[in-house]
Amino acid sequence: MISQRTLFLQHVAQTSDFPLCLEIEKAEGMYLTDINNKTYLDLISGISVSNLGHRHPAIINAVKEQLEKYTYLMVYGEFVQSPQVKLAQLLISQLPSPLDSCYFVNSGSEANEGAMKLAKRYTGRQEIISFKNAYHGSTQGCLSIIGSDEYKNSFKPLLPSIIQLDFNCEKDIEKISKNTACVIVEPIMGEAGIIIPKNDFLLKLRKKCDETGSLLIFDEIQTGFGRTGKLFAFEHFQVVPDILTIAKAMGGGFPIGAFVSSNSIMSCLKNNPVLGHITTFGGHAISCVAALANLQTLIADKSLITGVEEKRKLFERNLIHPKIKKFRSFGLMIALEFESFEFNKSVIDCCITKGVLTDWFLFNSNSLRIAPPLIITESEIKFACDIILEAINQQP
Ligand SMILES: Cc1ncc(COP(=O)(O)O)c(C=O)c1O
């Protein structure tokens, strides 16, 4: 009989020649279990998705209840669907003014596509400013604004009028002008390997955008929903964007994203042309109830978010080793930088063999990623750190 692994390699399209190929049968809380009953401690949350861990009971129950009512009804924005309305209301209650209108989509890339379209439509301008080493998604619009030529070159031509700045470079802020429709930035750069804004960089971006009438977009697709120790990372910096994009952890394991703005900005998608952004499955009822339960849980159990900083410190205290060149972190977004990709990859592989699931970063392949579900316990952190140190020590 042909194995499932062989069929996977034959018929499920691959994105690299070296997929992990773990055959997971079940995932619960902090752990994934494979077909041989081996368990893996999840240190990456499916890249910042499972912030409440896997199969959180509140999410599972909400989905089961909704399955008894309806699954799909109609393309986005036509029917009043209670799961969408309740989710929008709760989300908006957690956001500062003027963010009071949510457009639900299917993914992070689509959230950024919608945000860029909205900014172009609202300002009547074409130029978009983003940052070197930024990651915003894989669609052609998002590819145009990511900060890596290696990923872009083979897919050109992409969007015109894109300018890329150096993150944390104050001089570059001057390039934002009255031609700029929007500036899109990750408040903490994820795939660049956890890069933190310095010297009020986000505030300076905000001021310049105010001067030029450009919209400021925060991509919180990786940083959102508690990962940094606040519900959203921008809360650490007292800077409010004109458009916020979210996805990943939003759905507690179900596919959903959103771009959020003010009613006055968002309303321009209604005309010239009508239906300025449309989506069939965006705001799917099942994803919305999952996202609602996810957000309700994060709000009700405050320690999930307030505990993030202590957990970060515990990782920091327990991950001291001469081979770790740098420990960069912001909340439970952690990067351990080694001397080379080869060394990093061998440590990662060794950790996986020992039952700890980790990964590297798209634009920082020397660094090992730690982004566990926020529910990780003290003893699990200590166990994970012991395994990582053991893996480092086993390298030649
Ligand atoms: C910061 C950021 N923006 C956008 C995206 C794209 O999200 P998606 O993969 O859901 O399209 C990602 C995904 O990793 C991300 O980390």
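Quick caveat, the model's predicted, so the values are computed rather than measured. Ligands are counted one by one from 1 in listed order, and the atoms in each one are counted from 1 as well.
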Phe232 and Phe234 aromatic ring geometry - parallel, tilted or perpendicular at 30°/60° bounds: parallel
Within 6.0 angstrom of Gln94 CD, more than 12 heavy atoms from elsewhere: yes
Within the 4.0 Å heavy-atom sphere of ligand 1, strictly under, residues: Ser107, Gly108, Ser109, Asn112, Tyr135, His136, Gly137, Glu186, Asp219, Ile221, Gln222, Lys248
Residue pairs involving residues 365-394 (criterion salt bridge (Lys or Arg N to Asp or Glu O under 4.0 Å); sequence neighbours excluded): Glu191-Arg369, Lys354-Glu390, Asp359-Arg369, Glu378-Lys382
Side-chain donor/acceptor of Gln164 to backbone N/O of Ile146, under 3.5 Å: yes
Side chains of Glu110 and His277, donor plus acceptor under 3.5 Å: yes
Gly253 backbone acceptor or donor facing Arg55 side chain under 3.5 Å: no
